[in-house]
Amino acid sequence: MAESCYHCGQPIPSGETVQIAIQNTSRNFCCHGCAGVCDAIHEAGMESFYRRTPEGELLSPPPPPTQDIEFFDYDEVQSQYVEGLTQQREITLVSEAIHCAACIWLIEHTLAKVDGIKLAKVNFTNKQIKIRWDNHQTKLSDIIKSLNRIGYDAIPYDASVSDEAFRKANRDLLYRLGFAGFAMMNVMWFSIALYTGADQDSSFRQYFHWIEFIIATMALGYSGKPFLQGAYTSLKSRTVGMDVSISLGLLVTYFYSIWVTIDPTHSGNAYYDTMIDFMFLLLIGRYLETISKNKAIDSSRRLMDLQPKVARLETAEGIEIVPVRKLQLGQIVFVKPGDQFPVDGTIVKGAGNVNESMLSGESREIYKQPGNKVSAGTLNLDGALSIEVKNILQNTALGRIIHMVEDAQGSKAPIQCTAEKIMPWFVSTVIVLSVITFSFWMIKLDFETAMIAATAVLIITCPCAFGLATPMATAVATGVSAQNGILIKNGAVLEILNSIDHFVFDKTGTLTKGQMQLMSLDLMGNDENQTLIEAILTIEQQSEHSVAKAIVTGLQQRYHHLKHLHKAPHWFQAHPGKGVEAKQGASHYLIGTAHWLQNYGIDLPEALVAQEEQQARLGQTSVWVAQDEQIVAILFLEDEIREDAAETLFRLKQRGKRVTLLSGDRQEVAETVAQRLGGMEVMAEVLPEQKYATIEALQKTGEKVAMIGDGINDAPALARADVSFALGSGTDVSMDCADLVLINNELRSVDTAVALSERTLKTIKQNIASSIIYNITMVPLAMAALLTPLIAAITMPLSSLVVIGNAARLRTFFSPKAIEQRRKIAHKAMQQGEK
């Protein structure tokens, strides 16, 4: 008999034995790869890996090392997989060689010993390895080499690789299902013969039983492997999963049938056919579950499909078709009418209409011209456009959305964590009930009845439906909301949002459009002071605040010769919520609020103060300009209120929620805006750090607070709130701090998110209730021996499919009919409120 390899257990081909000493003992291997991996494992002190590997399961010889590993050390390459090229980086690798819990242990413990690695976490389900490392201490290529040494090929995660892994797992499940079906059909012929009289002849009976035994053994070993392997993994990790009760049911039936087979005098029946039948039905259920799950949560996959994989690169020789991942920042790509944009970029040539519905949820066309930004995945309708590349792949707006959706779908709500804690106790209780059932019927009737009833109890109970109740609803809700312009970054928010008492809104850029306009300016009678105008324009060009942008646009419109002015001050500093400070030429400038300038000891002219108060009553914001501690100008700006702001606030008040306007603007301006919006509480002249303290103070009163903002100065308050919303038109900082990003830029989406939260929680409760009712109804029937294992095998997966189907109904929340109905209800309520 051929000798087996010490590492992988595969037979060693004749004459190809590789022999090396492992811990002073000579060992035989099938190849140098296995020998090297085994040596590396023992050298690292990880030899207990072999004890953790499932018994009887053969490892595969190590895959060939990843080619050109050093290629991944270049920042240009890593930028395609790593979000930020800082000192501490994070990447997801994928390895098809991961096959069991022992692999997880080996990888995590091996990487934990590598200097510079801060985190190594393996996801067995999708064969992904999440790694966080210090790029100054170790290189990515060294990390991949460390994995290669212990037998795991690893490459950076790519969506196409993930899809291929899913298809492979799905295909494997389908093969096992097909084999179980084949075995079921063949065993059924023998069972029919036995049930119709062949069992009267002992020789025929034994002959058919042994044939059934051979077929059933092959079916159990191949088609039943997912259940048996899952049970083994659960028990080894000292947990009890659903696979444990299923495997017990299969094995009890199998071994009882073997007993009947080997004992000719046994009067009982062999249940090979029953075992194969319910294994086949369970696999059908699992396959349908997998398909249904992926249909329910495939929103992120459809988002990925929106991003083109190739682009038309403009070169000196003409147009070249290249993969998107090969593009460099600053290059120019050409996009034909009817094509989707492959990158985030800026139009440098051409003009036309663009459909951005996949990002904003709005199907209206937006006219774009040179200087305007475009996003990957959006549709170029009618223009021939040349685009300067700004971001590619996962760094695009679409890429970040996909990443956030995947994180949200993987996050756990508090109710889900509770369910996961209950599940092991649930399965343990089922096993106890099965033992009680067996004992009762053994005493009351006979062994066969006891065995059938106990097996039915093991099969009929389904914690799967209970376990799927929350994650399926969360996954569907986050996926479908992302397609409709509401990006939920954390699934747990859906549970918390429903309990929010108080909604706090920033004013500028949130309740208003953030497109402030320069209405007037007073240069203290020196309107021809071009040096002052240029200084204000130069300084405000350095700020990202909406007020600064409005000043720049307004001045350029008034003074056309300054349209192309692009200078930088000698020194610049922003003071969030107050203003900006800079040195331009020989002068020191302060541009900001009156209160801030007064803190510098600057006197404000009485005439301008009176003018400021008059303009504030009209809802206009004032910006003061001081040069060398002397007031030299005052500017007045006005911001248009969003069309859906009043409707949003009315909807929230109809729900019994408190609403507050929180602004750094003057009290008079904030109150004017609040009155126009139908009235609300006002907290004005609040600095960014005071916004944080205000949210904290509201929380200390026992309220759960949601904050809605869009600017850098809102970031601390957004981070502090129980739930935070950021508008898609806001800054990157505010979006990073927020739990929900309204990429459709519609304020009414705040109320829509609340409604979605209510609907999701209702769905979760329905799912949990259906799971409990199913088990309360079916378990007593099984214990009373009124159900066979076959009926149990049919009903068990159906309970999971009911949960998945109910969760999938959340997709209708954003149907045109449902959206229109919500708007009609809100509009009618507003009209009644006005009367």
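All residue numbers refer to positions in the sequence shown, counting from 1.
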Partner residues of [X] under the side-chain contact (heavy atoms from CB on, under 4.5 Å) criterion, sequence neighbours left out:
X	value
Ala645	Leu511, Ile641, Arg642, Leu677, Leu747
Thr672	Arg676
Gln556	Leu537, Gln541, Val552, Lys563
Thr346	Lys373, Lys390

Glu703: salt bridge (charged side-chain N to carboxylate O under 4.0 Å, His left out) partners, not counting sequence neighbours: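 Glu703 satisfies salt bridge (charged side-chain N to carboxylate O under 4.0 Å, His left out) with Arg658 once adjacent residues are dropped.
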To the nearest 0.5 Å, tell me how far [X] [atom1] sits from [Y] [atom2].
X	Y	atom1	atom2	value
Thr538	Ile533	OG1	CD1	11.5 Å
Phe503	Lys653	CZ	NZ	13.5 Å
Asp522	Ile634	CG	CD1	7.5 Å
Leu761	Ile496	CG	CD1	10.5 Å
Ile591	Ile551	CD1	CD1	7.0 Å
Gln530	Leu523	CD	CG	9.5 Å

[X]: partners by side chain to side chain donor-acceptor pair (under 3.5 Å), with sequence neighbours left out:
X	value
Arg558	none
Asp501	none
Gln557	none
Glu643	Lys513

So which heavy atom on Trp596 is nearest to which on Val580, and how close?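 It is CH2-O, 3.5 Å.
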Not counting sequence neighbours, list each pair that qualifies as a side chain to side chain donor-acceptor pair (under 3.5 Å) and has a residue in residues 583-595.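 Counting only pairs at least two positions apart or across chains, the side chain to side chain donor-acceptor pair (under 3.5 Å) contacts touching residues 583-595 are Glu581-His588, Ser587-Gln627, Ser587-Asp628, Tyr589-Gln627.
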Looking at [X], I want to see if its [atom1] is surrounded by more than 12 non-hydrogen atoms of other residues, nucleotides or ligands under 6.0 Å.
X	atom1	value
Lys349	NZ	no
Glu681	CD	yes
Glu388	CD	yes

What do the steps show when you test His502 against Thr660 for side chain to side chain contact (heavy atoms under 4.5 Å, CB included), and what is the final call? CA-CA 8 Å; His502 198 153; Thr660 296; 2.6 Å; yes
Donor-acceptor side-chain pairing of Gln667 and Glu671 below 3.5 angstrom: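 Checked: Gln667/Glu671 side chains pair up, N/O donor to acceptor below 3.5 Å.
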Answer yes if the side chains of Asp722 and Gln699 hold a donor-acceptor pair under 3.5 Å, and no otherwise.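 Per modelled atom types, Asp722 and Gln699 side chains form a pair under 3.5 Å.
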With side chain to side chain contact (heavy atoms under 4.5 Å, CB included) as the test, would you mind laying out the steps for Gln620 and Met519 before giving the verdict? CA-CA 8 Å; Gln620 293 185 5; Met519 306 304 293; 3.9 Å; yes
Listing request: all salt bridge (Lys or Arg N to Asp or Glu O under 4.0 Å) pairs with a residue in residues 586-613, at least two apart in sequence or in separate chains.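 Every pair satisfying salt bridge (Lys or Arg N to Asp or Glu O under 4.0 Å) with a residue in residues 586-613: Glu612-Arg666.
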Among Val623, Thr553, Leu635, find the residue that satisfies the side-chain contact (heavy atoms from CB on, under 4.5 Å) test when tested with Leu518.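 The option that passes is Leu635.
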Show your reasoning for whether side chain to side chain contact (heavy atoms under 4.5 Å, CB included) applies to Phe636 and Leu521. CA-CA 6 Å; Phe636 294 101; Leu521 71 159; over 6 Å; no
Checking the side chain of [X] only, and the main-chain atoms of [Y] only, is there a donor and an acceptor separated by less than 3.5 Å?
X	Y	value
Thr701	Leu698	yes
Asn380	Val354	no
Asp344	Ala376	yes

Check the pair Phe572 / Ser543 against side chain to side chain contact (heavy atoms under 4.5 Å, CB included), numbers first and verdict last. CA-CA 9 Å; Phe572 174 87; Ser543 174; 4.3 Å; yes
Keeping to residues at least two apart or across chains, list the ring pair (Phe, Tyr, Trp, His ring centres under 6.0 Å) pairs with something in residues 655-675.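 Not a single pair qualifies under ring pair (Phe, Tyr, Trp, His ring centres under 6.0 Å).
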